[in-house]
Each structure stands twice: as C-alpha cells, then as structure tokens.
Amino acid sequence: MTSSKSPLLVYGGSFDPIHNGHLAAFWQAAAALGAVEARLLPCFISPLKERVFSTPAQRCQLLQLVVDALNTRSSGTQFSLDLRELAVAEPSFTWRTLAALRAEEGAFRPIIWLMGMDAWQHLTQWQHWQQLTDYAHLLIALRPGPKPSLSAEQLAWAAPRIRTTTELSQSPAGGISQMNNAELAIAASDIRQQITQGLRPVGLLPEAVEQWIFQHNLYVNPPQTDTL
C-alpha cells in the first residue's frame with residue numbers, strides 16, 4: 001500500500017508520440033524526487049492545440065510499452081498510466097485534474113506535476129494557471145539551451161514559490177522547481193514530420209515505440225476515430 005506521504009510524480013501531456021526526451025525527463029524526475037509512484041497522464045486534447053495525430057487507443061498502446069519497459073529497470077519507483085483525461089473525451093484542463101488528484105490522495109501527500117519547457121513558457125494561457133500550485137508542485141524539465149522567456153506576471157507569481165527538487169518531496173504542494181537539461185531537444189512534431197516523409201526518426205524514440213509505430217503505419221494517415 002502506498003504511503004499517504006510518499007511522493008507522487010505525474011507527467012501530463014499529449015505524448016503524440018512519446019519520445020526519448022519525455023522518457024529522459026520522466027526517469028530523471030522520478031529518481032531526483034525519490035518518487036515511489038510515477039504516472040504518465042495523457043490528455044485527450046489540449047485546449048491550446050487544434051488536434052491530435054493519433055487515437056487515444058494508439059497513444060495508450062505506446063505509453064504502455066514505455067511503462068512496461070520502465071518497470072523492468074531496477075528502481076524504487078512503480079510506473080503506471082493514468083487515463084482519466086482520455087476517459088472524459090473532452091479538452092483537458094490541468095487544474096481540474098490536479099484538484100481531483102488532491103481529493104483522491106488526501107491533504108498531505110506530495111504531488112509533483114512534471115511539465116516540459118514549452119508548457120512552462122505558455123503557462124499563462126492555461127485556464128486557472130495560478131491555482132495549479134494550490135494542488136501540487138510544478139517541476140519544469142528544461143531543454144538544453146537558453147532559458148525560456150517568461151512574462152513579468154509569471155515571474156512574479158513563480159518567484160516566492162521556488163523550491164529545490166528535494167523540498168518538493170517534503171511538502172504536499174505549493175512549490176516550483178526546475179531540472180536543468182532533463183529534457184532532450186526532441187519535438188514530437190519533428191518526429192511526425194519525418195515519419196510522414198518516409199524517414200526513420202533514429203534515436204528519437206524508445207525502440208519498442210518506434211517498432212510499433214512503423215508496424216501500424218502510425219502518423220502516415222490521420223486517425224479515423226478518437227475513441228478508446
């Protein structure tokens with residue numbers, strides 16, 4: 001049984017497809033936090049994006065391959081999928097998801113929401129973005145290169161919430177931290193474009209994910225359905 005005070009890491013996103021940048025950030029975050037539980041939480045569709053390029057069932061299959069592979073590694077973390085946003089089948093709002101997680105996990109368990117640099121740069125476009133730290137900590141996986149340019153409003157909001165990664169594991173919510181160079185400079189859009197052009201995105205995808213994509217001709221044609 002999971003302790004009510006053991007860190008829970010949650011990595012949300014489109015994962016269309018999940019790639020080695022996602023994998024590196026997820027694995028490093030779990031290790032840095034000492035998380036006993038880490039979940040990949042795919043969204044149905046982001047309110048800031050017009051579409052997805054694979055069905056929920058296809059993304060679930062790819063994510064399950066990654067989770068299965070992670071659980072074969074020697075670590076103190078149990079990796080799993082959280083499919084709540086796919087089940088709702090409507091645009092996904094992170095504040096609602098975090099509020100639900102907090103209600104489920106109780107008032108004292110540390111919940112850490114992992115996000116990439118692109119999401120962090122556009123945070124002020126998210127619905128009720130300033131409420132996110134009411135329910136969880138935010139951990140930002142920065143890509144190599146220049147630091148993101150943030151608005152004065154976001155910087156002012158974030159400044160009093162800055163914590164070390166270790167501190168995120170010691171309280172339920174309210175903090176913001178960063179992992180430098182945790183996320184490789186890989187973009188899902190570039191991977192899809194390469195596949196559409198008939199190219200193999202060598203070294204950008206977990207091996208099992210790459211094999212499944214090409215076996216099923218994923219990203220060659222748009223999905224016909226968005227049902228599980």
Side-chain angles (χ1 to χ4, degrees), residues 7-43 46 48-49 59 62-63 66-67 69-70 73 75-77 79-82 85 92 94-95 97-98 101 110-126 129 132-133 135-151 154-155 157-159 161-171 173-191 201 203-206 209:
L8 168 62
L9 173 67
V10 185
Y11 192 7
S14 298
F15 304 119
D16 198 17
I18 188 166
H19 53 64
N20 285 337
H22 297 133
L23 183 59
F26 193 42
W27 176 261
Q28 182 174 335
L33 294 164
V36 298
E37 184 182 2
R39 305 179 191 175
L40 287 172
L41 198 155
C43 68
S46 167
L48 302 181
K49 295 182 179 180
R59 284 187 288 149
L62 297 179
L63 292 171
V66 170
V67 165
L70 287 172
R73 299 185 182 185
S75 74
T77 305
F79 296 92
S80 63
L81 296 184
D82 189 323
E85 290 188 350
S92 307
T94 301
W95 72 270
T97 298
L98 290 179
L101 281 169
I111 299 176
I112 300 95
W113 181 268
L114 177 64
M115 64 170 62
M117 187 173 70
D118 290 345
W120 177 239
Q121 284 181 289
H122 296 95
L123 188 69
T124 57
Q125 299 177 35
W126 291 25
W129 62 274
L132 298 178
T133 50
Y135 308 111
H137 300 295
L138 304 182
L139 179 59
I140 319 305
L142 297 180
R143 290 177 178 172
K147 291 185 177 181
S149 177
L150 305 177
S151 69
Q154 186 172 345
L155 287 171
W157 172 79
R161 294 171 170 81
I162 298 301
R163 306 285 188 273
T164 66
T165 303
T166 300
E167 287 175 320
L168 300 190
S169 301
Q170 298 173 345
S171 63
I176 299 172
S177 190
Q178 298 178 347
M179 295 192 308
N180 290 325
N181 298 329
E183 187 173 348
L184 304 178
I186 301 173
S189 57
D190 292 339
I191 292 172
L204 303 183
L205 297 165
V209 169

Practice task
Measure the acute angle between the ring planes of Y11 and F15, then classify it against the limits of 30° and 60° as parallel, tilted or perpendicular.
Solution key: perpendicular

Practice task
Evaluate side chain to side chain contact (heavy atoms under 4.5 Å, CB included) for L138 paired with R161, printing each intermediate quantity in order.
Solution key: CA-CA 10 Å; L138 304 182; R161 294 171 170 81; over 6 Å; no

Exercise for the section: Nearest 0.5 Å please: distance from the CG atom of L205 over to the CD1 atom of I186. Expected result: 8.0 Å

Exercise for the section: Kindly give the heavy-atom pair with the smallest separation between Q121 and Q154, and that separation in Å. Expected result: O-OE1, 4.2 Å

Problem - Flag side-chain contact, heavy atom, 4.5 Å: P7 against L168 - result: no

Problem - Gap between atom OG1 of T97 and atom CG of L132 - 0.5 Å precision - result: 10.0 Å

Practice task
Indicate yes or no for a side-chain donor-acceptor contact from H19 to the backbone of L204 under 3.5 Å, with no hydrogens or angles considered.
Solution key: no

Exercise for the section: Any chance you could measure L114, atom CG, to I140, atom CD1, to the nearest 0.5 Å? Expected result: 8.0 Å

Practice task
Could you label the plane-to-plane angle of the W120 and W157 rings as parallel, tilted or perpendicular, counting under 30° as parallel and over 60° as perpendicular?
Solution key: tilted

Practice task
Could you go through the side chain to side chain contact (heavy atoms under 4.5 Å, CB included) check for W27 and L70 one step at a time?
Solution key: CA-CA 8 Å; W27 176 261; L70 287 172; 3.6 Å; yes

Problem - Non-hydrogen atoms of Q178 and L142 that approach each other most closely - result: OE1-CD1, 3.3 Å

Handout entry: Atom pair CG (D82) and CG (L40), whose distance is rounded to the nearest 0.5 Å
Key = 10.0 Å

Problem - Parallel, tilted or perpendicular: rings of F79 and F26 (30°, 60°) - result: perpendicular

Exercise for the section: Start with the C-alpha gap between T94 and W113, add the side-chain angles, then the distance that decides, and say whether side chain to side chain contact (heavy atoms under 4.5 Å, CB included) holds. Expected result: CA-CA 9 Å; T94 301; W113 181 268; 3.6 Å; yes

Fill in the blank from the handout: All heavy atoms of P110 vs all of S171, minimum pair found to be CB-O, 3.3 Å

Exercise for the section: Grab the two heavy atoms, one from A30 and one from A38, that are nearest each other, plus how far apart they are. Expected result: CB-CB, 4.5 Å

Practice task
Just do the side chain to side chain contact (heavy atoms under 4.5 Å, CB included) check on L62 and R59 with the steps written out, would you?
Solution key: CA-CA 5 Å; L62 297 179; R59 284 187 288 149; 5.5 Å; no

Problem - Spacing of CG belonging to L8 relative to CG belonging to L33, to within rounding of 0.5 Å - result: 10.0 Å

Problem - 4.5 Å side-chain heavy-atom contact, L23 and V209 - result: no

Handout entry: Any donor-acceptor N/O pair, H137 side chain to E167 backbone, under 3.5 Å
Key = no

Problem - N20 side chain near P206 side chain, heavy-atom distance below 4.5 Å - result: yes

Exercise for the section: Any chance you could measure S80, atom OG, to L63, atom CG, to the nearest 0.5 Å? Expected result: 11.5 Å

Problem - Polar side-chain atom of S75 near backbone of T77 as donor-acceptor pair, under 3.5 Å - result: yes

